[in-house]
Peer 1: 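Got a structure for you, questions after.
Reminder, nothing fancy here: chain letters follow the sequence lines and each chain counts from 1. Worth saying up front: this structure is predicted, and the values here are computed from it rather than measured.
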There are 2 protein chains.
Amino acid sequence: MQAALANVSVAVSPAEKYREYLATKGLRLTRERSIIVEEVFAYHEHFDAEQLISRLAQKTDGRRVSRSTIYRSLLQLEEASLIRKVARQEDRDVFEHDYGYPQHDHLICRKCGTLTEFQADIIARSLEEVASQHGFRMDGHRLEVTGLCNECCRPPASRPKKLNLL
Amino acid sequence: MQAALANVSVAVSPAEKYREYLATKGLRLTRERSIIVEEVFAYHEHFDAEQLISRLAQKTDGRRVSRSTIYRSLLQLEEASLIRKVARQEDRDVFEHDYGYPQHDHLICRKCGTLTEFQADIIARSLEEVASQHGFRMDGHRLEVTGLCNECCRPPASRPKKLNLL
DNA sequence: CTAAGTGCAAATGTTTTGCAGAATC
DNA sequence: GATTCTGCAAAACATTTGCACTTAG
């Protein structure tokens with residue numbers, strides 16, 4: 001029931017925070033929205049809309065939610081700063097938890113697509129400085145570092161060239 | 001004719017570099033591709049496919065190129081490291097020159113959408129370090145800093161709240 | 001001649017939206 | 001009783017692709 005409360009340093013559950021956000025807009029935490037938040041925060045992995053949709057579609061109990069509602073809810077969760085877009089992969093927006101987890105950035109393997117999180121305070125600090133120099137009021141950032149992950153640059157055998165030309 | 005060569009520290013023109021890239025694939029620098037590279041490098045502003053398309057559509061001379069060819073060419077220019085995606089705005093990929101310009105990152109105003117470039121060597125250096133710690137072979141990064149630009153946070157009059165509720 | 005290149009129109013795939021009926025205050 | 005919600009199907013949109021025709025080595 002109160003998932004995602006155990007090993008996370010938050011005072012309020014994601015669902016509760018969602019409820020608060022909705023309240024400020026005169027909206028309600030419905031059964032569907034509640035199912036969605038809980039599913040979103042049930043795992044800390046990155047996900048896209050389609051994955052969330054199929055996770056919810058597999059539920060055998062009555063916890064099925066329509067595609068539209070899921071998309072609508074994702075927008076709200078983002079507005080509420082519960083989740084945020086981290087990247088775009090295969091034409092899909094990729095989300096991650098933005099609530100209850102420390103700020104971090106990602107190493108994105110351009111071969112296998114794996115997202116690896118890392119933390120570097122110095123970056124946030126540098127950005128504060130840059131922003132203030134430009135009179136820019138920073139409220140967040142997204143940093144994607146691309147390259148090859150440990151796994152994918154291991155076998156230096158033959159370069160995997162594209163096989164277009166017969 | 002040889003635009004973008006004057007104030008840029010490159011040995012070879014973008015078109016020439018494009019030609020070289022194409023050559024490695026057994027492809028040619030056609031009239032259309034040539035028109036596209038030149039238009040892309042005629043200005044240093046950020047752009048999306050649609051903008052490029054309409055810029056080329058306005059040409060009164062025979063320099064018109066089809067939408068498909070432009071999209072196909074953009075892919076190649078990206079592959080060739082002549083341009084790169086910097087952001088995604090209004091559901092469109094935004095590109096910028098990646099050739100002949102120093103590495104930099106962007107402040108993105110979430111109100112007016114302005115992209116402001118900045119350079120911070122310390123970030124690149126930090127990333128090198130982080131990458132090596134993870135056995136990650138970095139080949140680039142994208143950093144979008146979001147917030148309000150100088151202009152947009154100037155008038156501290158009334159907070160521009162969304163006018164949804166009547 | 002053969003392979004690459006183009007333009008067109010149609011397809012794709014994600015995300016959004018209009019609407020009618022259901023649920024909630 | 002009015003307003004918010006949902007699910008459905010259709011729409012919107014950027015981007016990609018199949019195809020027939022051109023063009024260039």
Peer 1: Nearest to the side chain of A:Thr69, which nucleotide is it out of D:dC5, C:dT15, D:dG7?
Peer 2: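 That would be D:dG7.
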Peer 1: Not counting sequence neighbours, list each pair that qualifies as a ring pair (Phe, Tyr, Trp, His ring centres under 6.0 Å) and has a residue in residues 73-95 of chain B.
Peer 2: B:Phe47-B:Phe95
Peer 1: Can you name the side-chain contact (heavy atoms from CB on, under 4.5 Å) partners of B:Glu117, sequence neighbours left out?
Peer 2: B:His44, B:His46, B:Glu96, B:His104, B:His106
Peer 1: Rounding to an integer number of Å, can you tell me how far B:Arg19 CZ sits from C:dG5 P?
Peer 2: 13 Å
Peer 1: Rounding to an integer number of Å, can you tell me how far A:Ile53 CD1 sits from C:dT16 P?
Peer 2: 11 Å
Peer 1: Looking at every strand, decide which applies to A:Asp93 at a 4.0 Å heavy-atom threshold: base, sugar-phosphate, or nothing.
Peer 2: sugar-phosphate
Peer 1: Under 3.5 Å, which donor-acceptor pairs do the side chains of residues 66-76 of chain A form with other protein atoms, sequence neighbours left out?
Peer 2:
{"unit_1": "A:Ser66", "atom_1": "OG", "unit_2": "A:Thr69", "atom_2": "N", "d": "3.3"}
{"unit_1": "A:Ser66", "atom_1": "OG", "unit_2": "A:Thr69", "atom_2": "OG1", "d": "3.1"}
{"unit_1": "A:Arg67", "atom_1": "NH1", "unit_2": "A:Glu50", "atom_2": "OE1", "d": "3.2"}
{"unit_1": "A:Arg67", "atom_1": "NH2", "unit_2": "A:Glu50", "atom_2": "OE2", "d": "3.1"}
{"unit_1": "A:Ser73", "atom_1": "OG", "unit_2": "A:Tyr18", "atom_2": "OH", "d": "2.9"}
{"unit_1": "A:Gln76", "atom_1": "OE1", "unit_2": "A:Tyr18", "atom_2": "OH", "d": "2.5"}

Peer 1: Residues two or more places apart in sequence or in another chain: which of them pass side-chain contact (heavy atoms from CB on, under 4.5 Å) with A:Glu129?
Peer 2: A:Gln133
Peer 1: Salt bridge between A:Glu128 and A:Arg125, side-chain N to carboxylate O under 4.0 Å?
Peer 2: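 Salt bridge flag = no for A:Arg125 with A:Glu128.
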Peer 1: Under 4.0 Å: is that the gap between some side-chain N or O of B:Tyr71 and OP1 or OP2 of D:dT15?
Peer 2: yes
Peer 1: Compile the donor-acceptor pairs under 3.5 Å between side chains in residues 137-145 of chain B and protein atoms, sequence neighbours left out, one pair per line.
Peer 2:
{"unit_1": "B:Asp139", "atom_1": "OD1", "unit_2": "A:Arg110", "atom_2": "NH2", "d": "3.1"}
{"unit_1": "B:Asp139", "atom_1": "OD1", "unit_2": "A:Thr146", "atom_2": "OG1", "d": "3.1"}
{"unit_1": "B:Asp139", "atom_1": "OD2", "unit_2": "A:Arg110", "atom_2": "NE", "d": "2.8"}
{"unit_1": "B:His141", "atom_1": "NE2", "unit_2": "B:Gln103", "atom_2": "NE2", "d": "3.3"}
{"unit_1": "B:His141", "atom_1": "NE2", "unit_2": "B:Asp105", "atom_2": "OD1", "d": "2.8"}
{"unit_1": "B:His141", "atom_1": "NE2", "unit_2": "B:Asp105", "atom_2": "OD2", "d": "3.3"}

Peer 1: To the nearest Å, give me how far apart CD (B:Glu32) and P (C:dA4) are.
Peer 2: 17 Å
Peer 1: A:Leu29 has an atom CG; how far is it from atom P of C:dA23, in whole Å?
Peer 2: 18 Å
Peer 1: What's the NZ-P distance between A:Lys25 and D:dT3, to the nearest Å?
Peer 2: 19 Å
Peer 1: Starting from P on C:dT14, measure out to CG on B:Asp91 and report it in whole angstrom.
Peer 2: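 Distance check: B:Asp91 CG to C:dT14 P gives 14 Å.
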Peer 1: Using a strict 4.0 Å threshold on nitrogen-to-oxygen distance, state whether B:Glu16 and B:Arg19 make a salt bridge.
Peer 2: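 Result for this pair is yes, salt bridge flagged.
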Peer 1: Atom CG of B:Leu74 and atom P of C:dT6: how far apart are they, to the nearest Å?
Peer 2: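 Value for this atom pair: 13 Å.
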Peer 1: Among D:dC5, D:dA14, C:dT14, which nucleotide sits nearest the side chain of A:Arg33?
Peer 2: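 Closest nucleotide to the A:Arg33 side chain: D:dC5.
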Peer 1: Taking OP1 and OP2 of D:dT4, is either one under 4.0 Å from a side-chain nitrogen or oxygen of A:Arg28?
Peer 2: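 Result: no.
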Peer 1: Would you kindly give the CZ-to-P distance between A:Arg92 and C:dT16, to the nearest whole Å?
Peer 2: 14 Å
Peer 1: Check nucleotides 8-12 of chain D for protein N or O atoms closer than 3.5 Å to its own N or O atoms and list the pairs.
Peer 2:
{"unit_1": "D:dC8", "atom_1": "N4", "unit_2": "A:Ser68", "atom_2": "OG", "d": "3.0"}

Peer 1: Between D:dT15, C:dT15, C:dT16, which nucleotide gets closest to the side-chain atoms of B:Arg88?
Peer 2: D:dT15
Peer 1: Taking only side-chain N and O atoms of B:Thr30, does any of them lie within less than 4.0 angstrom of OP1 or OP2 on C:dT6?
Peer 2: yes
